[in-house]
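Order of appearance sets the numbers: ligands from 1, and atoms from 1 within every ligand.
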Amino acid sequence: MAGRTFFGTVRLAILLALLLFVAAGAWLDSRRSTDWDGPLRVTIYPLAVGADAATARYVAGLDKDSFGDVTAFLAGEAARYGVALDEPVRLRVSRAVRELPPAAPEASGALGVALWSLRMRYWAWRVAADDPLPPPDVQVFALYHPADGAHPAPDSTGLRKGLIAVTHLYASADAAGSNDVVLVHELLHTLGAADKYDPATGRPVEPGGLGEPAREPRYPQDVGEIMAGRIAVSAHEAVIPDSLEETTIGPATAREIGWSK
Ligand SMILES: [Zn+2]
């Protein structure tokens, strides 16, 4: 590296300063998002994927009330942990997104993921900048796929850094309950909650991933922990919850998002 030029050094310094700035900003944002001094402001950006007319109609009909179960669930669970806010999460629906976010990398190499995360944060920042509404604390991009069974939705993602979630949902009233479960799961990831299932089998880890860890006998469980994503109905089977009513926020998740010590 003997040949490093003056301008090369300056460019490197600027890059390092920029990275430090982004990292410090992410740290501050994540501290602020979990202090629960006031309502967490969350904006949902619905978008229809593809050209299906029924999907477009469904998405056009969504408003804040469509996500009433999400706000009610979070308010109820926060109260259970003693969070002194009537409205811990304030949801808004924005129409500011008209194009798909940057696609997640095919291979999950660390560098590819880091670059995608940076592109995603830049894209999300631009969305907020173009939105006439004030920027929220957390941005949830809600991509709706046709609910015809022929289009399996890709996996959803919640980014702690940048406070961004990309959720893949189904455009049907029948799927609204399970869509809510996905939305809340990814929203809690942005606040620092970790998955509570075994990635190899998809089964909830025990006891932290169980909705009712103290239940005797242990199976079948009636509710699932939100970050486990499934309800353990037997020692070998786990099913996806139909709605938030079949889920709970367990003590470990509550600690991770700042609701308890
Ligand atoms: Zn997850």
Minimum-distance atom from the Zn ion (ligand 1) among N, O or S atoms of Asp195: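 Going by distance to the Zn ion (ligand 1), the closest N, O or S atom in Asp195 is OD1.
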Metal site angle (apex the Zn ion (ligand 1)), NE2 from His189 and NE2 from His185, 10 degrees: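 That angle is 100°.
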Would you call [X]-[Y] a salt bridge at under 4.0 Å N-O?
X: Asp198; Y: Arg203; answer: no
X: Arg218; Y: Glu212; answer: no
X: Lys196; Y: Glu256; answer: yes

Close side-chain approach of Val49 and Thr55, heavy atoms under 4.5 Å: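 They are not in contact (no side-chain heavy atoms under 4.5 Å apart), so the answer is no.
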Glu186 N/O/S atom closer than 2.8 Å to the Zn ion (ligand 1):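 Of the N, O and S atoms in Glu186, none lies under 2.8 Å from the Zn ion (ligand 1), which means no.
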